[in-house]
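Worksheet for the structure shown next.
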Amino acid sequence: MNVDVESTYPSFENRDLYVELGEHIAYYRKRANLKQKELADRLKISRAYLSRIETPNTSQSFSLEILFNISRELNVPLKYFFEPFPGPQKSMSMRDDNL
């Protein structure tokens, strides 16, 4: 049985975009003082899935529907997820996933 594992992951050219997007999601979630579990519950996704989205050393693809819902729940305009971080870049620790 030959399984094409690569088809389930973002293409190499898009990998960095997913990683950056995940870092922005983590930044704005922490700025909103929400734990991963709290945001995941609001989004009706698992905390593990949100963790994979936010983790910088992975590239978890996800739908625009999820991104729209994250934007709404965090009260952050969509365009902010694609712009440089405000102020000192990543001033909050990205390692504390459950913060």
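Values in this document were obtained by computation on a predicted structure and should not be read as measured data. These values consider heavy atoms only, across backbone and side chains, with no hydrogens, waters or symmetry-generated copies. Numbers for residues simply follow the sequence, beginning at 1.
Residues Val19 and Phe62 are members of separate hydrophobic clusters, defined by side-chain heavy-atom contacts under 4.5 angstrom among Ile, Leu, Val, Met, Phe, Trp and Tyr.
Remark: Glu20 CD to Phe82 CZ distance equals 10.0 Å, nearest 0.5 Å. Interatomic distance, CZ of Phe81 versus CG of Leu17, reported as 15.0 Å (0.5 Å rounding). Gln36 CD to Arg47 CZ: the interatomic distance, rounded to the nearest 0.5 Å, is 5.0 Å. Rounded to the nearest 0.5 angstrom, Arg42 CZ and Leu74 CG are separated by 8.0 Å. Between the CG atom in Leu64 and the CG atom in Asn69 there is a gap of 10.5 Å [rounded to 0.5 Å]. Distance check, rounded to the nearest 0.5 Å: OG of Ser46 to NZ of Lys37 gives 8.5 Å.
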(request) Please test Arg31 against Val76 for side chain to side chain contact (heavy atoms under 4.5 Å, CB included), starting from the C-alpha separation and ending with a verdict. (result) CA-CA 11 Å; Arg31 193 180 78 168; Val76 174; 4.1 Å; yes

(message) Quick one, Leu43 with Tyr49, criterion side chain to side chain contact (heavy atoms under 4.5 Å, CB included). Give me CA distance, side-chain angles, the key distance, then yes/no.
(response) CA-CA 11 Å; Leu43 298 170; Tyr49 183 54; over 6 Å; no

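Among all heavy-atom pairs drawn from Glu54 and Ile25, the shortest one is OE2-CG2, 3.7 Å. Residues Ile45 and Ile66 come closest through the heavy atom pair CG2-CD1, 4.3 Å. Residue Pro77 comes nearest to Ser71 through the heavy atom pair C-OG, 3.9 Å, listed as atom of the first residue, atom of the second, then distance.
Residues that satisfy the side chain to side chain donor-acceptor pair (under 3.5 Å) test with Arg52, not counting sequence neighbours, are Gln60.
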